[in-house]
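Here is the structure we will look at.
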Amino acid sequence: MAANNPFPLSRDALLGCYRRMRTIREFEDRLHIDFGRGDIPGFVHLYAGEEAAAVGIMSHLGDGDRIASTHRGHGHCIAKGVDVGAMMKEIYGRKGGSCEGKGGSMHIADLSKGMMGANGILGAGAPLVCGAALAAKFRGKGEIAICFVGDGASNQGTFLESLNLAAIWNLPALFVVENNGYAESTSRDYATAVNSYVDRASGFGLPGVVVDGTDFFAVHEAAGEIIRRAREGGGPSLLECKMVRFHGHFEGDAQTYRANGELEDLRANHDCLKKLAAQLTSAGVASAAELADIDRQVLALIEQAVVDAKAAPLPSAADLLTDVYVKY
Amino acid sequence: MARRISLKTAVNEAIDQAMQLDPTVIMLGEDIVGGAGAPGEMDAWGGVLGVTKGLYAKHGDRLLDTPLSESAYVGAAIGAACCGMRPIAELMFIDFMGVCFDQIFNQAAKFRYMFGGKAETPVVIRCMVGAGFRAAAQHSQMLTPLFTHIPGLKVVCPSTPYDTKGLLMQSIRDNDPVIFCEHKNLYALEGDVPEAPYAIPFGEANVVREGRDVTIVTYGLMVHRSLEAAATLAKEGIDVEIVDLRTLSPLDIDTVLESVTRTGRLVCVDEASPRCNIATDIAAQVAMHAFKALKAQIEQVAPPHTPVPFSPTLEDLYIPSAAQIAQAVRRTTGGK
Amino acid sequence: MEGITPIVMPKWGLSMKEGKVVSWLVEEGTRITVGMPILEVETDKIANDVEAPDAGLLRRRVAQDGETLPVKALLGVMAETTVSDADIDAYVSAYETPAAGDETDADANAYQQIEVDGIRVRYARKGATAGTPVLFIHGFGGDLDNWLFNLDAVSERVPTLALDLPGHGQSELRLPGTSLAALAAFVVHFLDAVDEPRAHLVGHSMGGAIAAQVALDFPAKVASLTLIDSAGMGSDINAGYLEGFVQAQSRRELKPVLEQLFADPNLVSRQMIDELLKYKRLDGVASLLASLAGSLFSGGRQASTPVLQLAPDSLPVLVLWGREDRVISAGHAAHAPAGAGVHVFEQAGHMLQLERASEVNRLILALVAA
């Protein structure tokens, strides 16, 4: 089989990436349903449709590499290896959640996995990533740090300042602009003065690359080159992933700002998961039955995560007051 | 051995020793070295008032001069703190918090709680506070209450060189984010400071003067104004106790309540603007928890509710004086 | 002036510059005897009764209650009735408090540093230079200021030395070892370093055990032994006190611990707590004290009892104890070696040399003179 594999990843690795992307999709689609049923408190921002970016990039990382995520962070978490069961409990506000029910969807973090947190403040992760990259530079083990922002947060001062800081300090950092065309309901073209983020990167003296974010292999290859350079001391870069958002900005968004038929077209013709499945089966690396088997396993995993989350205990009144400050 | 050094030297020495003792301590800020990339000498400034002068020679690239980009470098300090470092970010003037506040109150302050107790953010943000430098409205504020309002932050404002070294050492070693406020008009103040490294635990107020009649609760420069007032009042037979809070978060309310329970009178002295400041917080807590001990109304001495003015004539009127403090004490005692 | 004896503000310890007269304890016209408490004075360190150093008839209370006065300021005047009130008035108005300047310089010189076995220690030397000196050795966690009320008084008659043991006070924060033998050897090396072939050792608490260990290991170095609330005389010791002392980091934690040292807990002043905290907060002190306590006093048991090994009548020994000692039981005084003078003081605790300074000083001087 390996001899017939035209891809730069082993079959096992490829199936692992497929499984992660499928896990993200299933996780998000399940949340879409459960949120609609009123099972989930607060609000959630779903990553479905964007899986190739998270998994394509994260397939190059280890636990010592840090990422800072966005409000739309579930995909980054799963791709970085955060436990799905703990995530589901967190989103349900339960004990045993990634943050013991104190953070919720927008603040899932797992420092042990190098996941520095989803973030409710757009663009806030960029300075944090400069710090993570600075720490990596001091440690000198070739670790890197990656900041994810949407096209919307790419206009935040924190993001722009961070590009400059990373550039002058030559930090092992990567800034990923996940361009899904919308900042909440506002179109990217309205809100951002340049057409290409490559131009923006070059304004700060950084190399910039644009890639089709719905193509797993394109993302994987572009990110690989940039990440290798950063690990070797070649400094920071910017990667723009052009991608699509299958759901609204948040759940409950009627998305009337979209064109008629836009969503249907995205789902039919720009689904990164379908693309990857087609690439793997047509190259003969995996059979449709094998992928369907993975799909079934993932479905069971998510189903179990929801069952466990609903059964998990709620935080107690005493938990309200813990972990504000360190205990001496 | 203790020797007399200035508060400014105490800051420098604490950072120096912390860096010697712990390789993860780094420092970031604007011109903390000075001359980066310029044709002249490095360490040209050592901070805008020379507080960190000489540290570059000892610790080299562990001190990083930053662009004028507070959000980025304060955030970077916080990010590095989440990744095993103990960074000190110098924000020059507390007034500049406005441009990087999100990183402090939405990021650093919340990580531990928001991430379920699984994150540590051992970062120190040093900044100058206070009026009296003829530096006008955007370089003179005492913004301590903005930070005491935020759960997850610790707020320190020392009044002596001894406390400065020990509290800064504790700030650097502490596993929570600390806003470390240095009063620019106290930098020249000298006092006995041990050469050896030491840390003063947070949350312990210091009774800098014991007295029977009235309790003054204060911090920072106002400790010294209060001591002046107490000396005047002693000649009138009024024996004043002065509680220096030292750390505003955590707050040692027990020492305040114990003192007021003994004296029955309270004057809160604060250099911060008079609404929702440390003084009003102390007044409210004493009213709630020790009302029956009070023999007189609680008094507050604070600046007027205005920006800090520039003209020296106006600025001198703005800053609470020893005379105003003494007068407030007399109002609580009815002359005695 | 002929026939007039002044009573002046005492100097308790090297750093005292002034004292506050809390209250007079005797009326004018009282016949004062040596050692009689005549007024209460408060310093920033401690409050204590001033005991009359001389005898006489109190004619004038010059200092008023509540007044803060410099060291050596005139507090009162004693004179027989043959001296007229006018002469006393003249004496009082002519009295000039000696300038503090020289005194302070002398005190600054009294503190010295010396390196012994590679460890820098602080010590104080006072009094005459000739003669066998008295060497004061403080206890666990203490320093030479524990002899606040003793150094000056004793040095008026004989030369005195007091040191901050290694790892204590302002000496270097290193120990020559954690055994009594190592500490005793260090004390002997200190005497060598300051060119003293012999000394009268006065030890408090752990310092007493060290002094006794010196007497066992280096008998030629010891002229006499005064043991005050001493360790090394029995097996038990208050483990709670030791643990509390080692662990306390805040004033709130330390105060109740220190109160166990005195029969009257009010003697624990804010200044005393603050100065101890300044020491205890130094990097390394907590672990140093823990290792020392672990070696000598683990689990509330004293690891060795050198006083019990002293041969009967081998040297002059004085054993002094406060009846209410809550750290080391006064019952241990019963284990004093044969021939020792034993005095147990009522209403005094573990810090006997502070609580009963005059009596302790007199007994030390008597032993040294004998």
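Remember, it's a predicted structure, so these values are computed and weren't measured experimentally. Residue numbers start from 1 in every chain, and the chains themselves are labelled A, B, ... in the order their sequence lines are given, proteins ahead of strands.
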Handout entry: Met116(A) to Cys82(B) - nearest heavy-atom pair and separation
Key = CE-CB, 4.1 Å
Problem - Contact class of Thr24(B) relative to chain A, heavy atoms under 4.5 angstrom - result: neither
Exercise for the section: Pick one of side chain, backbone, both or neither for Ile150(B), based on which atoms fall under 4.5 Å of a heavy atom in chain A. Expected result: backbone
Handout entry: Top contributor to chain A interface from Gly37(B), Ala119(B), Gly75(B), Ala77(B) [non-hydrogen pairs under 4.5 Å]
Key = Gly75(B)
Handout entry: Atom CD of Gln20(B): over 12 foreign heavy atoms under 6.0 Å
Key = yes
Practice task
State, yes or no, whether a side-chain contact exists between Lys118(B) and Leu111(A) at a heavy-atom distance under 4.5 Å.
Solution key: no
Exercise for the section: Please name the pair of heavy atoms, one in Val324(A) and one in Tyr113(B), separated by the smallest distance, quoted to 0.1 Å. Expected result: CG2-CD1, 3.7 Å
Exercise for the section: Tell me, for Ser249(B) versus chain A, whether the close heavy atoms (under 4.5 Å) come from the side chain, the backbone, both or neither. Expected result: side chain
Practice task
Among Asn175(B), Leu64(B), Ile26(B), single out the residue with the greatest number of heavy-atom pairs under 4.5 Å to chain A.
Solution key: Leu64(B)
Practice task
Please flag which part of Phe138(A) lies under 4.5 Å from any non-hydrogen atom of chain B: side chain, backbone, both or neither.
Solution key: side chain
Problem - Per-residue contact mode, Leu320(A) against chain B (heavy atom under 4.5 angstrom) - result: both
Completion exercise
In this structure, NZ of Lys110(B) is separated from NZ of Lys102(A) (nearest 0.5 Å) by 13.5 Å
Exercise for the section: Write down the atom of Asp176(B), the atom of Val326(A), and the distance for their closest heavy-atom approach. Expected result: OD2-N, 2.7 Å
Handout entry: Which atom of Leu28(B) lies closest to which atom of Trp169(A), heavy atoms considered
Key = CD2-CH2, 3.7 Å
Practice task
Mind checking the CZ-CG spacing from Phe111(B) to Asn119(A)? Nearest 0.5 Å is all I need.
Solution key: 6.5 Å
Fill in the blank from the handout: Ordered numerically, the heavy-atom neighbours of chain B under 4.5 Å found in residues 77-95 of chain A are none
Practice task
Check whether more than 12 heavy atoms from other residues, nucleotides or ligands sit under 6.0 Å from atom CZ of Phe43(A), and answer yes or no.
Solution key: no
Handout entry: Arg139(A) side-chain N/O to Cys83(B) backbone N/O, donor-acceptor pair under 3.5 Å
Key = yes
Problem - Member of Ser71(B), Cys100(B), Pro67(B) meeting the side chain to side chain contact (heavy atoms under 4.5 Å, CB included) criterion with Glu161(A) - result: Ser71(B)
Exercise for the section: Below 4.5 Å from any heavy atom of chain B, which atoms of Ser112(A) appear? Answer side chain, backbone, both or neither. Expected result: neither
Completion exercise
Okay, Glu70(B) and chain A: the region with an atom under 4.5 Å from a heavy atom over there is backbone
Problem - Flag side-chain contact, heavy atom, 4.5 Å: Gln103(B) against Thr158(A) - result: yes
Exercise for the section: Flag the one option from Pro315(A), Pro127(A), Gly64(A) with the top tally of heavy-atom pairs under 4.5 Å to chain B. Expected result: Pro127(A)
Handout entry: Asp61(B) versus chain A, the contacting section by heavy-atom distance below 4.5 Å
Key = backbone
Exercise for the section: Considering non-hydrogen atoms only, spot the tightest contact between Asp323(A) and Arg112(B) and give its length. Expected result: O-CG, 3.2 Å
Problem - Selection from Gly114(A), Gly104(A), Cys130(A), Ala132(A) maximising heavy-atom pairs under 4.5 Å formed with chain B - result: Ala132(A)
Fill in the blank from the handout: Heavy-atom nearest pair, Gly117(A) first then Phe115(B), reads CA-CZ, 3.9 Å
